[in-house]
Structure formats: C-alpha cells, structure tokens
A.B. asks: 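So that we are looking at the same thing, I have put the structure below in structure tokens.
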Amino acid sequence: MRWQSGRSLALRHDRGVDLNAFYNRAGVEFFHDDVSGRRYYSGASTDVVSHEVGHAILDAVRADLWDLNLFEVDAFHEAFGDCVALLTALADPQIRTRVAAQLDHANGVEATAEQLAEAIQLKFPGHNAGAPRHALNRFRWDLPANLPANGGPGALIAEPHSFGQIFSGCLYDLIARLFRAAGTTADALGEAAHTAGALLAKGVRAAQVSDRFFRAVGRAMILLPEAKPHREHIRAAFDAHGLALGSSIAFAPTAALSFSGPLFDEALELSP
C-alpha cells in the first residue's frame, strides 16, 4: 500500500502533552498526559493506534474523502477507524476465543479507547468523550440537525466520533449475524470478521460520495457479487441502526469511483 506520505508512514509515539491522537497525512501521532496521578499514553492502546492507522488506510484508498465538507463523510472516517480497531482485535485468536460467547454483551473488543476515555472523564468530567465508543450499540441514524451538539459521556451527539458509532454498530451487527449463521467457534468468528471486513473494504472503494454516506457504503457492500449469500445479514444489520438499504433487486449498481491502488481488502486481510 502507498500512503499519502509515500511508501512509509511516520509513527510519532509521544509528541507531547495532550489527551489526543491523530493522523495528519504525514503520519500518526500520539501523546501523553498526567491525570489524577497517573500517566496516560494514547499510543499504548492498540485500538487507538488501529483507529488512527484506519484513517491512514482509508485516506490511501479514498483520498477524495479527506477534504470534503460533509458531516457524514467525516463521521464515516471516524467510524472506519473504529471498525479497523474492531477487526484488528478479532484478528487475534486468543481474543476471539475469549469473546465468541459474549458478542451480545460488553466484551472489551467492541469498545474503543477505554483508557483515553477514562483520562478525559477524570480531567473533563461530563465530556462526551469521557466514555469509550461502542460498536455494540442501539443507536439509530437520524439527521445530525436533530441531535444535540453536546451530551454526557457516551451520548449520541452531532459530532463525528460519536455519530460514527452508528456505522460501526452496523459492522459489529453484521459480524455477529455472520457468526451466528456459521457456528459458535473462535474460527467461525474469525471467518465472520474476515468476511465483513472484506465487504467493507470493497464497499468503501465503490461507494459514491453522498451526504448520506453511511447508506452509500452499505448499498455498495450489498451489491458486491461476493455479498450475495450475505445480503439478508447486511440488510438486517443496517436496518437495526435505521439505515434501510432497500431490496437488493430494487436498485441497480451505480458507477463506482475508480482507483489505481492495490485492493483495499488485502490491507485488511485478517489472520486465520
């Protein structure tokens, strides 16, 4: 894969004092801060690192999304980072074994940035980011204008990180549905995560830019030839979060944006 910065992506593991982490096309940057007698390093969290690298992966294959002034595209960037964190965790056989029987309950894998959220809550009590983001959620899509601009820890608000949980919820539900259809073993969970990740990877490459980008990606996913055996699961996962994709035979494929880069799903290929 070729990053926006070239063949290599800079990793700056501790750029100074801040409760933050970010990708800025030149690299991924992490920070530290001392809160209540404890030092928190954002780069010490696998899911935070995976999230930021997720931004870089998406930017490598869909550079056109970077500078768009569309709220839902920004929210998808954040959701995609959380999805990469989820898929990274599920690539670990030991983690899959531990959570295979707990997908319907809080299990650590579906939560992002627990330590960073803890530090934010301690330093800024009541801040929305003072709770981890959860892919296991019941949030349903609504117009951002109908959501509050601010809210307590974990509330769904009109902010890209928060709003992105709607899409990461769709992917989590899809993994869970594929898993239940395939079996109850850790290997079945790995296969479900790989299938969902591959569909997301190819779907995001094909999705046309829209102010309803979550739905655009979902429709692109369900129209993939390899999605045929999984279309009911995809539709149900998105429906559960208020994103109706419609009947797969009721709409025709639309022209996809073309890219000359390597297949994105190769970048997300999970270990067996």
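Residue numbers count from 1 along this sequence.
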A.B. asks: Would you sort out whether R180 and D104 count as a salt bridge (Lys or Arg N to Asp or Glu O under 4.0 Å), showing the intermediate values?
C.D. replies: CA-CA 11 Å; R180 294 188 197 102; D104 293 331; 2.4 Å; yes

A.B. asks: Which residue in the set R133, H134, H161 passes side-chain hydrogen bond (donor to acceptor under 3.5 Å, both in side chains) when paired with D82?
C.D. replies: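 Of the listed residues R133, H134, H161, the side-chain hydrogen bond (donor to acceptor under 3.5 Å, both in side chains) partner of D82 is R133.
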
A.B. asks: So which atom in V35 and which in A119 form the shortest heavy-atom distance, rounded to 0.1 Å?
C.D. replies: CG1-O, 3.8 Å

A.B. asks: Check Q165 against N137 and note the closest heavy-atom contact, atom names and distance.
C.D. replies: O-ND2, 3.0 Å

A.B. asks: Find out whether H32 and S42 are in side-chain contact, i.e. whether some heavy atom of one side chain is under 4.5 Å from a heavy atom of the other.
C.D. replies: no

A.B. asks: Answer yes if the side chains of D187 and T185 hold a donor-acceptor pair under 3.5 Å, and no otherwise.
C.D. replies: no

A.B. asks: Hey, does L86 have a side-chain heavy atom less than 4.5 Å from the side chain of V109?
C.D. replies: yes

A.B. asks: Rounded to the nearest 0.5 Å, how far does CZ of F179 lie from OG1 of T195?
C.D. replies: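 Here the rounded value is 13.0 Å.
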
A.B. asks: When hydrophobic residues are tied together by side-chain contacts of less than 4.5 Å, even through go-betweens, does L171 share a cluster with L224?
C.D. replies: yes

A.B. asks: Any sub-3.5 Å donor-acceptor pair from R15's side-chain atoms to E29's backbone N or O?
C.D. replies: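 No: the side chain of R15 does not pair with the backbone of E29.
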
A.B. asks: Within the structure provided, determine whether R212 and L143 are in side-chain contact (heavy-atom separation under 4.5 Å).
C.D. replies: yes

A.B. asks: Hydrophobic clusters here meaning ILVMFWY residues chained together by side-chain heavy-atom distances under 4.5 Å, can you tell me if I166 and L70 are in one?
C.D. replies: yes

A.B. asks: Look at the side chain of D47 and the backbone N and O of A113, then say whether any donor-acceptor pair between them is shorter than 3.5 Å.
C.D. replies: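 Yes.
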
A.B. asks: Heavy atoms only: give me the nearest V204-F76 pair and the separation to one decimal.
C.D. replies: CG2-CE2, 3.4 Å

A.B. asks: Apply salt bridge (Lys or Arg N to Asp or Glu O under 4.0 Å) to the pair D59 and R25, showing each step before the final yes or no.
C.D. replies: CA-CA 8 Å; D59 195 28; R25 284 195 160 176; 2.7 Å; yes

A.B. asks: Begin with the C-alpha distance, continue with both residues' side-chain angles, and end with the deciding distance and a verdict on side chain to side chain contact (heavy atoms under 4.5 Å, CB included) for L189 and L103.
C.D. replies: CA-CA 10 Å; L189 179 55; L103 286 186; 3.7 Å; yes

A.B. asks: Is the shortest heavy-atom distance from the side chain of L243 to the side chain of C170 under 4.5 Å?
C.D. replies: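 With C-beta onward as the side chain, the pair touches.
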
A.B. asks: Report yes if some heavy atom in the side chain of L19 is under 4.5 Å from a heavy atom in the side chain of F31; otherwise report no.
C.D. replies: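 No - every pair of side-chain heavy atoms lies 4.5 Å or more apart.
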
A.B. asks: Any donor and acceptor pair, going by atom type alone, linking the side chain of E110 with main-chain N or O of L136 inside 3.5 Å?
C.D. replies: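 Yes; at least one donor-acceptor contact below 3.5 Å.
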
A.B. asks: What's the spacing between I175 CD1 and E191 CD if we round to 0.5 Å?
C.D. replies: 12.0 Å

A.B. asks: Determine, for R38 against E118, whether the closest basic-nitrogen to carboxylate-oxygen distance falls under 4.0 angstrom.
C.D. replies: yes

A.B. asks: Can you tell me which residue among R138, H241, H233 is in a side-chain hydrogen bond (donor to acceptor under 3.5 Å, both in side chains) with D173?
C.D. replies: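 The residue from R138, H241, H233 that satisfies side-chain hydrogen bond (donor to acceptor under 3.5 Å, both in side chains) with D173 turns out to be H241.
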
A.B. asks: Just how far is it from atom SG of C83 to atom CD of E78, taken to the nearest 0.5 Å?
C.D. replies: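 Taking SG in C83 and CD in E78, the distance rounds to 11.5 Å.
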
A.B. asks: Side chains of L68 and L65: closer than 4.5 Å at any heavy-atom pair?
C.D. replies: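 Side-chain contact under 4.5 Å: yes.
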
A.B. asks: Drop me the distance from E232's CD to R177's CZ, to the nearest 0.5 angstrom.
C.D. replies: 10.5 Å

A.B. asks: Quick check: does any side chain N or O of S162 sit under 3.5 Å from a backbone N or O of I157, one acting as donor and the other as acceptor?
C.D. replies: yes

A.B. asks: Under the 3.5 angstrom rule, does the side chain of N107 hit a backbone N or O of V99 as a donor-acceptor pair?
C.D. replies: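 Between the backbone of V99 and the side chain of N107 there is no qualifying donor-acceptor contact (under 3.5 Å).
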
A.B. asks: Counting C-beta onward and ignoring hydrogens, is there a side-chain heavy-atom pair between R12 and V28 closer than 4.5 Å?
C.D. replies: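 SC-SC contact between R12 and V28 ruled out.
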
A.B. asks: Would you mind telling me which of E72, R62, H55 makes a side-chain hydrogen bond (donor to acceptor under 3.5 Å, both in side chains) with H77?
C.D. replies: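 Per the side-chain hydrogen bond (donor to acceptor under 3.5 Å, both in side chains) rule, the option paired with H77 is H55, out of E72, R62, H55.
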
A.B. asks: Which atom pair, heavy atoms only, marks the closest approach of S168 to A135?
C.D. replies: O-CB, 3.8 Å

A.B. asks: Would you give the length of the straight line joining atom CZ of F238 to atom CZ of R215, rounded to the nearest 0.5 angstrom?
C.D. replies: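 Between F238 CZ and R215 CZ, I get 11.0 Å after rounding to 0.5 Å.
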
A.B. asks: Compare every heavy atom of V84 with every heavy atom of G54, then report the nearest pair and how far apart it is.
C.D. replies: CA-CG2, 3.8 Å

A.B. asks: Using 4.0 Å as the upper bound for N to carboxylate O, is an ion pair formed by K202 and E226?
C.D. replies: yes

A.B. asks: Are W66 and Y23 an aromatic pair, judged by ring center distance below 6.0 Å?
C.D. replies: yes

A.B. asks: Please report the interatomic distance CZ(R39) to CG(D14), rounded to the nearest 0.5 Å.
C.D. replies: 7.5 Å

A.B. asks: Could you tell me whether N150 atom CG has more than 12 heavy atoms of other residues or ligands within 6.0 Å of it?
C.D. replies: no

A.B. asks: Could you check whether any side-chain heavy atom of L174 comes within less than 4.5 Å of a side-chain heavy atom of M221, counting everything from C-beta outward?
C.D. replies: yes

A.B. asks: Evaluate the side chain to side chain contact (heavy atoms under 4.5 Å, CB included) criterion for residues L147 and F163: first the C-alpha distance (whole Å), next the side-chain angles of each, then the deciding distance (0.1 Å), finally the verdict.
C.D. replies: CA-CA 9 Å; L147 296 175; F163 197 79; 3.6 Å; yes

A.B. asks: Are Y40 and V49 in one and the same hydrophobic cluster, where Ile, Leu, Val, Met, Phe, Trp and Tyr link if side-chain heavy atoms are under 4.5 Å apart?
C.D. replies: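 In one cluster: no.
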
A.B. asks: Looking at W141, F139, F167, F71, which one forms a ring-ring contact (aromatic ring centres under 6.0 Å, His included) with F214?
C.D. replies: F167

A.B. asks: Output, in order, the C-alpha distance, side-chain angles, deciding distance and verdict of side chain to side chain contact (heavy atoms under 4.5 Å, CB included) for L199 and I222.
C.D. replies: CA-CA 8 Å; L199 292 171; I222 207 170; over 6 Å; no

A.B. asks: What's the verdict on side chain to side chain contact (heavy atoms under 4.5 Å, CB included) for R98 and I95, showing C-alpha distance, side-chain angles and the deciding distance?
C.D. replies: CA-CA 5 Å; R98 178 170 58 83; I95 290 177; 4.2 Å; yes

A.B. asks: Please step through ring-ring contact (aromatic ring centres under 6.0 Å, His included) for the pair Y41 and F30, ending with a clear verdict.
C.D. replies: CA-CA 7 Å; Y41 291 93; F30 304 93; over 10 Å; no

A.B. asks: Do you know the tightest heavy-atom contact between A63 and Q4?
C.D. replies: CB-NE2, 3.2 Å

